[in-house]
Structure formats: structure tokens, C-alpha cells
Amino acid sequence: MFPVEIFQTTLNKLTSVLGEHRIRYHLTGGLTGTAYGEPRMTQDIDIVVDPVQIQSMLDEFVDSLAASDFMFDERSVRSAVQEQGLFQLLDECECLKLDVYPREMIPGELDRSVLIEIFEGQLLPVVSRVDAVMSKLIWISKGSQKSRRDVRAMVRNATLAELAQIRVAANQLDVQQMLDAVLSEPDEIG
């Protein structure tokens, strides 16, 4: 597991490619635990990209990846974009992995991205706190234990307005009971 700063060079390579093709994106996953909750180590960086934009620029995007330092399987990239799954990129120079999701787990999440200084002096689009909590609750339903602690930390550090939005979104996505259960758990094993 790596501190987030180690990913800066690798992430800059991908954001350059995405910017070249005007593909919207935001950071998500374990990084949001650090951005909104409490610092923690992560093994990779998760990125959501606009599924419509990447589909329309897929050939050019793949060509740009091929000219970069990223190792990837072209069939996996094309399949993931078509099926809105997941594809992975490995930075050959840094030996770091990026998980790229050409889909929105929470409808409209890319429209609600916020700019956060993830690396000193560098603002990057990040999933909103509300959408991050909803996403984490979905991952919890799939068995993610790390997400449980992330949710508690993100909610603990939320503003009153964000707390209200979290409750509304949890009701809309029918994850209110899971949210309540996760929030009632202790952070430390007793």
C-alpha cells in the first residue's frame, strides 16, 4: 500500500490523456476516505470517466494510451467501455495501478464533482462527499470492509448540509438501514 502522493506522477499521465480528449473524470474510491475522512494508505487510485465521452473517443483514447507509459490490454479497455465495467492501467515507470470505471455508480455524480487539492498546489476533480458515501455503501453491500470505516469518517467530518443530503440520498437509493448500521459500529475492534 502506498501514500497517495506517490500516485501524483502516474495520475498526471492519465489526466493529461483524458484532458487531451476532453473526457470528464473524477477521483473516487479509497482516495475519498483520505479527502473527506481520515488519511489512510491505498493500493491504487480509482477514477470514474464519463462513459459517453470515452465511448465517442475510444479509438483516439486507446491510441494515446498506447503512446504512453501505461501497460494495458486493449480488448479489456474496449470491453469495459462497452459494458461500463472496469479496466486497469499499470504505469510501467512507477509500477502503480489505476482502476478506471467508465460509468457512474451514482447517477449524475460527475456533474457534482468538487475540486480538491489532492497534491500540493494541484486541484483535481473528486467525487462529492455525498456521492462518495453512497458509493461506499454500495461497495459495503458487496463486501468491502474498508468502506465501513471510510463512511464513518466521511460522515463524522460532514457539514450539517452534507449530512442532510446524505440522509436524502440514502433514502433515495434505499441504503438508509445500511447507513444507520455502519454509523452505529465502533471504529476500533473492542
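In this chain, numbering begins with 1 at the start of the sequence shown. The figures that follow rest on heavy atoms only: side chains count, while hydrogens, waters and symmetry mates do not. Note that the structure is a prediction, hence the values are computed from the model and not measured.
- One hydrophobic cluster holds both L86 and V49 under the rule that ILVMFWY side chains link at heavy-atom gaps under 4.5 Å.
- In terms of hydrophobic clustering, with Ile, Leu, Val, Met, Phe, Trp and Tyr side chains grouped at heavy-atom distances under 4.5 Å, V168 and L160 are assigned to different clusters.
- Taking every heavy atom of both residues into account, G30 and D46 meet most closely at N-OD2, 3.8 Å.
- For T32 (side chain) and T28 (main-chain N/O), no donor-acceptor pair under 3.5 Å exists by modelled atom type.
- Between D44 and L98, every side-chain heavy-atom pair lies at or beyond the 4.5 Å cut-off.
- Counting only heavy atoms from C-beta outward, the side chains of L27 and L11 approach each other to under 4.5 Å.
- Between the E83 side chain and the A80 main chain, no donor and acceptor come within less than 3.5 Å of each other.
- Closest approach of Q53 and R24 over heavy atoms only: OE1-N, 2.7 Å.
- Here the closest heavy-atom approach between residue R112 and residue P107 is recorded as NH2-O, 2.8 Å.
- Here D91 pairs with K13 under the salt bridge (charged side-chain N to carboxylate O under 4.0 Å, His left out) rule; sequence neighbours left out.
- The shortest side-chain heavy-atom distance between L137 and L173 does not fall under the 4.5 Å cut-off.
- S135 approaches M105 most closely through the heavy-atom pair OG-SD, 3.5 Å.
- Rounding to the nearest 0.5 Å gives a distance of 8.5 Å between CD1 of I140 and CG of D150.
- The two residues E104 and D111 have their closest heavy-atom pair at OE2-N, 4.4 Å.
- Pairs passing the salt bridge (charged side-chain N to carboxylate O under 4.0 Å, His left out) check and including a residue from residues 26-36, sequence neighbours excluded, do not occur.
- For the pair V48 and Y25, the minimum side-chain heavy-atom distance is 4.5 Å or more.
- Cluster annotation: V77 is not connected to V52 through the hydrophobic network of ILVMFWY side chains, with a link wherever side-chain heavy atoms come within less than 4.5 Å.
- For the pair K136 and W139, the cation-pi criterion (under 6.0 Å, within 45° of the ring axis) is not fulfilled.
- With a 4.5 Å cut-off on side-chain heavy atoms, D99 and I45 do not count as touching.
- Judged as a side-chain hydrogen bond (donor to acceptor under 3.5 Å, both in side chains), and not counting sequence neighbours, S16 has no contacts.
- Applying the side-chain hydrogen bond (donor to acceptor under 3.5 Å, both in side chains) test to S76 and every residue at least two apart in sequence or in another chain returns D73.
- Remark: M71 engages L90, E92 in a side-chain contact (heavy atoms from CB on, under 4.5 Å) (not counting sequence neighbours).
- For the side-chain contact (heavy atoms from CB on, under 4.5 Å) test, residues two or more places apart in sequence or in another chain that qualify with Q84 are P51, R103.
- Scanning both residues, T10 and F70, for their nearest heavy atoms gives O-CZ, 3.6 Å.
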Would I118 and F7 satisfy side chain to side chain contact (heavy atoms under 4.5 Å, CB included), going step by step from the backbone distance to the final call?
CA-CA 10 Å; I118 299 297; F7 286 95; over 6 Å; no
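- The 12-atom threshold is exceeded at CD of E20, counting heavy atoms of other residues, nucleotides or ligands nearer than 6.0 Å.
- In this structure, the side chains of Q88 and V100 stay at 4.5 Å or more apart for every pair of heavy atoms.
- At least one donor-acceptor pair under 3.5 Å links the side chain of S141 to the backbone N or O of I138.
- Within the 4.5 Å cutoff, the side chain of H21 has heavy atoms near those of the S64 side chain.
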Run the numbers on V126 and Y36 for side chain to side chain contact (heavy atoms under 4.5 Å, CB included), then give the verdict.
CA-CA 10 Å; V126 176; Y36 293 127; 4.1 Å; yes
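- Residues forming a side-chain contact (heavy atoms from CB on, under 4.5 Å) with S56 (at least two apart in sequence, or on another chain): none.
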Dump the intermediate steps for side chain to side chain contact (heavy atoms under 4.5 Å, CB included) on E109 and H26, then the final yes or no.
CA-CA 9 Å; E109 69 181 75; H26 67 210; 2.8 Å; yes
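- Within the structure, side-chain hydrogen bond (donor to acceptor under 3.5 Å, both in side chains) pairs that include any residue of residues 165-174 comprise R167-D180 (at least two apart or interchain).
- Hydrophobic clustering places M178 together with L183 (ILVMFWY residues linked when any side-chain heavy atoms are closer than 4.5 Å, directly or through intermediates).
- Residue pairs meeting the side-chain hydrogen bond (donor to acceptor under 3.5 Å, both in side chains) criterion with at least one partner in residues 121-130, sequence neighbours excluded, are Q8-Q122, N12-Q122, S128-D131, R129-E162.
- E185 is linked by a salt bridge (charged side-chain N to carboxylate O under 4.0 Å, His left out) to R148, R152, counting only residues two or more places apart in sequence or in another chain.
- When atom types are taken as modelled, the side chain of S113 and the backbone of L110 share a donor-acceptor pair closer than 3.5 angstrom.
- The salt bridge (charged side-chain N to carboxylate O under 4.0 Å, His left out) contacts involving residues 53-65 comprise D59-R78, where partners must be two or more places apart or lie in separate chains.
- Membership of the apolar cluster around L123 extends to L115, as traced through chained side-chain contacts below 4.5 Å between ILVMFWY residues.
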What verdict does the side chain to side chain contact (heavy atoms under 4.5 Å, CB included) test give for T15 and I47, after you've listed the backbone C-alpha separation in whole Å, the side-chain angles of each residue and the deciding distance to 0.1 Å?
CA-CA 10 Å; T15 60; I47 301 168; 5.9 Å; no
